[in-house]
Amino acid sequence: MLKGFGGVLLRIVLLGPPGSGKGTCAKIIEEMYSIPVITTGDMLRQSVSKETALGNVAKTYMDKGELVPDDLVNKLVKERIMESDAKNGFILDGYPRSVRQAESLEQILLEIGKKLDHVINVILEDEKIIIRLSQRRSCPKCGAIYHLENKPPKIVGQCDVCHSNIIQRDDDKESVIKHRLEVYWEKTQPLIDWYEKKYSVKNIRGDIDINYLPIALKKLIEKS
Ligand code: AMP
């Protein structure tokens, strides 16, 4: 496993619609460079399952496929970026999702005297995303992800890792997926233009062969 990248530490933002494959890309980058993934969706889902004050508010938005208000998410991310394991870099997965969140991130980076190294945009067409997400099942305990056709669990309905019952997230139901995609195109797509003015945004397809994905990501990160 590579440790860092030639001594340079990496701060990466992963953009792309829900279900495009950002999470898979994030896990591969985490493995290759030993930097933590900060996944706002997972952090929010944890707060929801612990029924914290933030979780209770977030749930009302998440169940409908709406974005949780910027101020709440910005605070959550700021606290997480300040933790010691993120000082050597991080991969942001699912954040920022609005121009206001991107501005807040720039402010956090300014405060800690750092900058982003890469903005990577994971591309996948809506029709493919709908098929992918409606077949997705996840483990509520350990977070492992399955796909009924492409990556089914070994025992039907049971997580391979921790043997809990796997579930379909409420927001992976087809009507909610469609709304999440509408929200993405309205609120998050403008971010790509915003980032293009500041950084060079690099595109990668979210449906390339999983065996080739690590090489493709490494090329993207190291050849620039
Ligand atoms: P995800 O797993 O990234 O698709 O996120 C699931 C849900 O969590 C989204 O539909 C939003 O309701 C909420 N969420 C995750 N990340 C953010 C964010 N950066 N800003 C606002 N809401 C978010």
Side-chain angles (χ1 to χ4, degrees), residues 12-27 30 36-52 54-81 86 90-109 116 119-124 126 128-140 142-147 166-192 194-195 206:
I12 298 174
V13 161
L14 280 174
L15 300 173
S20 58
K22 287 193 305 295
T24 305
C25 292
K27 284 214 158 43
E30 175 181 45
V37 183
I38 300 178
T39 307
T40 43
D42 286 350
M43 291 165 82
L44 290 166
R45 275 185 289 278
Q46 269 172 24
S47 305
V48 171
S49 66
K50 286 187 194 149
E51 297 185 15
T52 63
L54 164 69
N56 292 338
V57 177
K59 186 175 183 341
T60 60
Y61 294 90
M62 294 169 79
D63 284 349
K64 291 183 283 185
E66 300 282 344
L67 293 185
V68 174
D70 290 331
D71 293 349
L72 297 180
V73 187
N74 287 340
K75 185 167 177 284
L76 197 68
V77 170
K78 183 169 184 181
E79 285 166 5
R80 181 65 188 86
I81 286 181
F90 50 76
I91 306 145
L92 284 168
D93 164 19
Y95 179 93
R97 256 175 151 107
S98 66
V99 170
R100 272 194 66 200
Q101 292 183 9
E103 286 167 352
S104 170
L105 176 61
E106 286 296 303
Q107 186 57 37
I108 298 167
L109 292 168
L116 289 178
V119 179
I120 298 174
N121 182 30
V122 186
I123 299 171
L124 197 64
D126 283 6
K128 292 191 175 174
I129 288 174
I130 292 168
I131 295 169
R132 197 183 254 192
L133 287 186
S134 54
Q135 302 261 316
R136 180 163 81 172
R137 297 293 179 272
S138 51
C139 174
C142 72
I145 304 286
Y146 300 91
H147 184 279
I166 58 171
I167 55 155
Q168 180 177 36
R169 280 170 39 183
D170 283 341
D171 63 350
D172 278 349
K173 302 204 166 122
E174 193 167 328
S175 60
V176 186
I177 296 170
K178 286 189 173 149
H179 187 55
R180 286 164 70 199
L181 287 170
E182 280 164 19
V183 170
Y184 171 80
W185 289 111
E186 185 199 328
K187 301 256 174 67
T188 311
Q189 174 70 17
L191 257 189
I192 296 170
W194 189 90
Y195 269 122

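Both counts, for ligands and for their atoms, begin at 1 and track the order of listing.
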Write out the residue and atom name of the closest protein heavy atom to [atom], then the distance separating them to 0.1 Å.
atom                    : value
atom 22 (N) of ligand 1 : V68 N, 3.0 Å
atom 11 (C) of ligand 1 : E66 O, 3.5 Å
atom 20 (N) of ligand 1 : Q101 NE2, 2.8 Å
atom 13 (C) of ligand 1 : L44 CD1, 3.7 Å

When you check the gap from the basic side-chain N to the acidic O, do [X] and [Y] get nearer than 4.0 Å?
X    : Y    : value
D172 : R180 : yes
R100 : D71  : yes
K178 : E182 : no

Enumerate the atoms of ligand 1 whose separation from the nearest heavy atom of V73 is less than 4.0 angstrom.
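Those atoms are 18 (C), 19 (N), 20 (N), 21 (C).
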Closer than 4.0 Å to some heavy atom of G41 - which atoms of ligand 1 meet that?
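Counting from 1, the qualifying ligand atoms are 2 (O), 5 (O), 15 (C), 16 (N).
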Where does [X] meet ligand 1, judged by heavy-atom distances below 4.0 Å: at the side chain, the backbone, both, or neither?
X    : result
R169 : side chain
D171 : side chain
R45  : side chain

Any side-chain heavy-atom pair from [X] and [Y] closer than 4.5 angstrom?
X    : Y    : answer
H147 : R137 : no
Y195 : I192 : no
E51  : K59  : no

Can you name the nearest heavy-atom pair linking I38 to F90, along with the distance?
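In terms of heavy atoms, the two residues are closest at CD1-CB, 3.9 Å.
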Closest heavy-atom pair and its distance - I167, P140
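Closest approach of I167 to P140, heavy atoms only: CG1-CD, 4.0 Å.
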Any donor-acceptor N/O pair, T39 side chain to D42 backbone, under 3.5 Å
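The answer is no, because no donor-acceptor pair under 3.5 Å joins these two groups.
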Report yes or no: does K22 have a heavy atom closer than 4.0 Å to ligand 1?
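Outside the 4.0 Å threshold, so no.
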Do any N/O atoms on Y61 end up under 3.5 angstrom from N/O atoms on ligand 1?
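It does not: no N or O of Y61 is found under 3.5 Å from an N or O of ligand 1.
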Got an N/O contact under 3.5 Å between P18 and ligand 1?
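Not met; the criterion fails.
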Nearest candidate to atom 16 (N) of ligand 1, where distance is taken over non-hydrogen atoms, out of L76, T40, L92
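When every heavy atom of L76, T40, L92 is considered, T40 comes closest to atom 16 (N) of ligand 1.
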Would you mind finding which of M62, R97, R180 brings a heavy atom closest to atom 5 (O) of ligand 1?
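Nearest heavy atom to atom 5 (O) of ligand 1 lies in R97.
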